[in-house]
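Worksheet for the structure shown next.
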Amino acid sequence: MAEAADFPGTGPSPAHRWFRRAATLLVGGGLLAGLLHLPVDSAAYAAVPVPGKTAAGAKTAGQGAPGSSAQAVRNASGTAVRTGLKADATGSRTVDVSLDSLTPGAPRKGDTVTVSGTVTNEGRQPVTKAQVGLRLGAPLGGRSAIDAAAQREGFQPGSDGTEVGGKYVQKFARLAPGVPQRFSVSVPVSALDLGIDGVYQLGVALTGQTAAQPYPQVLGIERTFLPWQDGAAGTKTRTTYLWPLISTTHLTARTRSDEQQTPVFTNEDLAKEIQPGGRLAQLVTLGSQLDVTWVIDPDLLVSVDAMSEKYDVEGPDGTTVPGRYQSVAKQWLNELQKTVKGKKVVALPFADPDLASLAHSGKAVSGSLGHLKEATEVGLKAVTSILHVKATSDFAWPAEGAVDPSIVDVATSAGARRVIARSDSLRETNNLPYTPSAARPIGGGTTAVVADARLSTAFQGDMTRSEDATLAVQEFLAQSLMVTLQDNKQRHLVVAPQRTPTASQAQAMATALKALDDERWSQPQDLAAAAKAKPDPAATTQVPSAAAYPASLRKQEMPRSAFEKLRITKDKLDRFKMILSEPDRVITPFGRAMDREMSTSWRGRPAEARGFREGVQRYLTGLMHQVGLIKKSNAKLSGRSATIPVTVQNNLVQGVDHLVLRLTSTNPTRLKIGDGLYEEQPVKITGGGHTQSVKFTTTANANGRVPVYAQLYTEDNQPYGEAVRFEVNVTEITPTVILVIAGGVLLLVLAGFRMYTQRKRAARLQAETGPDGGPDGDDGTASGTTPGSGSDGGDPEQPSDPAPDTAPESTEASQTGERVDR
């Protein structure tokens with residue numbers, strides 16, 4: 001193929017061109033060899049592939065191991081950039097042909113095929129006498145032939161067919177470098193001269209010439225596929241397409257302390273997804289027009305349902321603000337309920353747990369598999385109650401359909417009987433000349449439903465460019481028809497696309513499925529029917545070993561430390577819920593938060609996953625600290641027996657019960673508590689900042705300081721919260737003090753007796769003189785005396801009873817040196 005010249009002007013003679021090129025090679029080779037001894041790599045001059053395309057612009061198929069993806073290098077303007085030395089676009093890569101639409105994607109007799117797009121001269125010289133035409137190749141021989149054609153680079157005269165010329169071209173007088181120009185070519189199907197049913201390679205090529213090469217040549221080509229079937233197929237392929245409604249984690253473990261337990265969201269990203277035009281909104285709208293099997297994460301439904309009522313959003317500083325998208329959430333839920341009515345719905349376990357991470361890292365941590373079983377039960381209940389449909393939960397879907405024996409074991413441990421795998425994981429080993437049906441019995445009553453890898457990965461990558469979406473749709477249709485044409489046997493295909501397709505990916509998927517709606521070679525079928533279909537006896541049923549699991553996917557898994565943290569959180573929650581009067585207020589939000597910690601959506605986001613786990617545990621620990629002992633300072637005991645008060649505070653909204661407070665003496669010989677080493681008393685406190693003061697009886701046997709510990713315990717004898725330590729200073733009573741106290745008591749007894757006798761005498765005198773007193777009207781008292789004066793027998797004035805020596809109960813810490821109640 002002649003190349004474009006490096007400078008304008010008319011082309012030199014062949015002899016001149018040969019001499020000039022030889023001299024250039026000799027001189028240039030020597031110069032390059034002497035410059036830093038750098039090798040010249042011809043690949044440096046090749047155009048870097050754009051997303052989803054080869055260097056030549058042809059679409060590539062996603063046939064790598066699960067998790068693989070094509071990489072592209074593009075500059076800010078979106079044009080391809082080259083690595084290494086700068087080179088001019090030449091030959092059949094001089095002009096970039098971009099195919100934006102092809103309608104209809106699967107034409108029938110009497111249709112007109114219309115192809116439109118843009119052409120851009122990427123060379124240095126103008127292209128003249130240019131025209132865009134269609135080149136129809138021969139029918140391709142199988143699915144591998146489609147792969148090869150998609151990956152082929154540059155124009156190949158023997159393979160790219162001949163141009164459908166005449167009036168079915170669009171001409172351009174001149175294509176200036178770097179200036180894109182639109183084209184649209186329409187050709188009746190009759191003019192294409194299509195023969196037998198099959199998949200035809202369709203090339204959209206620009207033919208033109210430059211000043212350096214003034215003769216017609218193909219300067220740019222884009223390949224795609226044209227599936228052709230004249231009439232209805234005798235045996236149709238029954239195709240199951242999974243339509244996933246899955247998102248990332250949006251709800252935190254936090255709730256407000258009101259009666260409704262107002263939920264707290266991490267941000268408003270979910271609202272953006274469900275509002276009109278958002279990703280999830282488009283998935284519902286597009287899916288309503290298709291015959292698909294809905295695969296739904298219950299966490300998404302629960303989150304949107306929570307958003308439909310009062311909710312808060314967490315701020316960067318930990319504060320919360322009211323949410324604003326209740327109406328959006330209600331509208332999305334209503335649309336989804338209408339859409340799935342009467343449709344087949346698969347409920348994933350709550351929060352779509354990462355089965356591979358559980359199998360490879362979590363299974364060794366006690367309690368991890370229990371989370372999966374609970375998530376399965378809760379998930380089914382949530383989908384059924386929110387969507388009002390009869391859903392099924394016996395399908396497990398590992399990440400990207402990659403399986404090994406341990407993943408299958410974990411998937412079935414929670415009740416799943418069918419595992420959605422992918423054909424690039426459970427590969428065929430019998431060299432079958434056709435694509436077998438999806439259902440495969442893999443032992444133990446378990447069925448592997450093997451999704452087709454080519455069809456499942458057809459819409460991965462960036463589909464925002466119409467060119468990439470168009471090529472993906474045509475390749476999907478081509479592969480689908482090729483399966484039907486392999487033989488006359490009934491096929492049951494399953495397509496399991498990426499878990500969280502973007503809006504543009506979903507649009508491309510819907511476009512492809514609508515092209516199959518006429519049921520010419522494909523008939524829709526639900527997932528349960530595909531799983532029950534008769535297996536192909538020649539298809540492989542051997543689950544690949546753990547060594548075959550893709551390393552790229554293993555790197556994305558949760559580490560064992562994540563499951564260890566999950567176990568610690570579970571243990572704390574079990575202790576916490578035992579003391580609560582309304583345990584469901586914490587069991588539900590924290591149970592679902594732990595499910596979210598295992599979500600498949602954390603793949604590729606280890607930092608965010610770690611932050612979420614730590615946030616859940618930190619919040620639970622904070623709640624547990626709302627119930628505890630008030631710190632107590634040292635106390636004095638100046639007697640042989642006394643009571644020691646210890647205060648428990650509950651700052652939770654709800655009450656606490658089933659707690660025991662234990663007071664322990666470290667030296668029972670000196671200070672005995674209760675009947676021995678320690679004493680226990682039950683604790684029950686209402687919520688809202690209330691306290692309970694618990695008093696313990698102590699007996700002192702000797703002087704000295706005794707450390708004492710107060711500790712809360714649950715009913716199963718597990719410590720709750722931090723212990724409180726304080727010292728009791730025991731001081732024995734001396735004999736002198738005893739005599740003084742005894743003398744004081746005796747004086748009080750004598751004074752009381754004297755008061756008693758004097759009052760009896762006064763009563764007798766009053767009875768003898770009468771109520772009016774003595775003569776002269778006196779009141780019976782002697783002059784110069786007052787009633788009750790001592791020498792005349794009156795009652796002496798007595799002091800009041802002594803005030804108690806203990807301070808009122810307070811929630812504040814007691815003061816140093818406090819005296820205990822005796």
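All values below come from the heavy atoms of this structure, side chains included, with hydrogens, waters and symmetry mates left out. Note that the coordinates shown come from a computational prediction; the quantities given were computed from them, not determined experimentally.
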Is it the case that the side chain of [X] and the backbone of [Y] share a donor-acceptor pair, with hydrogens and angles ignored and the cut-off at 3.5 Å?
X	Y	answer
Glu335	Thr285	no
Gln170	Gly133	no
Thr112	Pro188	no
Gln217	Thr210	no
Thr94	Gly91	yes
Arg491	Thr435	yes
Trp332	Leu280	yes
Arg520	Ala106	yes
Arg603	Leu553	yes
Ser437	Asp536	no

Show the nearest heavy-atom pair for residues [X] and [Y], with the distance to one decimal.
X	Y	result
Pro501	Leu283	CG-CD2, 4.0 Å
Ala453	Ser423	N-OG, 2.8 Å
Val218	Ala205	CG1-CB, 4.2 Å
Ala191	Val164	O-CG1, 4.0 Å
Gly401	Ser425	O-CB, 3.5 Å
Leu140	Ala149	CD1-CB, 4.4 Å

Report the distance from atom [atom1] of [X] to atom [atom2] of [Y], rounding to the nearest 0.5 Å.
X	Y	atom1	atom2	answer
Asp468	Gln505	CG	CD	11.0 Å
Lys344	Asp526	NZ	CG	5.0 Å
Ser456	Asp424	OG	CG	8.0 Å
Leu426	Thr541	CG	OG1	8.0 Å
Leu477	Gln229	CG	CD	12.0 Å
Trp521	Leu481	CH2	CG	5.0 Å

- Message: Evaluate Trp397 against Asp352 for side chain to side chain contact (heavy atoms under 4.5 Å, CB included), listing each step before the verdict.
- Response: CA-CA 9 Å; Trp397 190 12; Asp352 186 21; 5.7 Å; no

- I would like to know whether Leu527 and Leu242 meet side chain to side chain contact (heavy atoms under 4.5 Å, CB included); could you show each step before the answer? CA-CA 8 Å; Leu527 183 60; Leu242 306 187; 3.9 Å; yes

So, do [X] and [Y] sit near enough that their side-chain heavy atoms are less than 4.5 Å apart?
X	Y	result
Arg422	Arg427	no
Thr540	Arg440	yes
Asp111	Val113	no
Lys109	Asp230	yes
Leu471	Glu475	no
Thr207	Val132	no
Pro177	Glu122	no
Gln131	Phe172	no

- Are Asp160 and Arg152 ion-paired here, with the side-chain N under 4.0 Å from a carboxylate O?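 The answer is yes: the pair qualifies as a salt bridge.
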
- Message: Can you tell whether the side chains of Asp100 and Arg182 come within less than 4.0 Å, N to carboxylate O?
- Response: yes

How about [X] and [Y]: does a side-chain donor come under 3.5 Å of a side-chain acceptor?
X	Y	value
Glu400	Gln498	no
Asp147	Gln479	yes
Tyr241	Asp291	no
Ser186	Thr114	yes
Thr239	Thr237	no
Gln507	Gln282	yes
Thr470	Ser101	no

Counting neighbours of [atom1] on [X] that are heavy atoms of other residues, nucleotides or ligands and sit closer than 6.0 Å, is the number greater than 12?
X	atom1	value
Lys343	NZ	yes
Gln289	CD	yes
Lys129	NZ	no

- For the pair Phe459 and Phe476, name the ring-plane relationship: parallel under 30°, tilted 30 to 60°, perpendicular over 60°. tilted

- Task: Go through Thr502 and Arg279 one step at a time and tell me if the side-chain hydrogen bond (donor to acceptor under 3.5 Å, both in side chains) criterion holds.
- Result: CA-CA 6 Å; Thr502 64; Arg279 185 183 73 86; over 6 Å; no

- Test applied, side chain to side chain contact (heavy atoms under 4.5 Å, CB included); reference residue, Ile146; option that passes from Arg454, Gln201, Met482: Met482

- With Leu348, which of Ile296, Leu245, Ile246 fulfils side chain to side chain contact (heavy atoms under 4.5 Å, CB included)?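 The passing option is Ile246.
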
- Could you walk me through whether Glu222 and Ser98 pass side-chain hydrogen bond (donor to acceptor under 3.5 Å, both in side chains), step by step? CA-CA 7 Å; Glu222 177 68 280; Ser98 177; over 6 Å; no

- side chain to side chain contact (heavy atoms under 4.5 Å, CB included) between Leu206 and Leu175: does it pass, once the steps are laid out? CA-CA 11 Å; Leu206 182 132; Leu175 294 178; 3.5 Å; yes

- Message: Is there a side chain to side chain contact (heavy atoms under 4.5 Å, CB included) between Val494 and Asp452? Walk through the geometry before answering.
- Response: CA-CA 6 Å; Val494 171; Asp452 186 82; over 6 Å; no

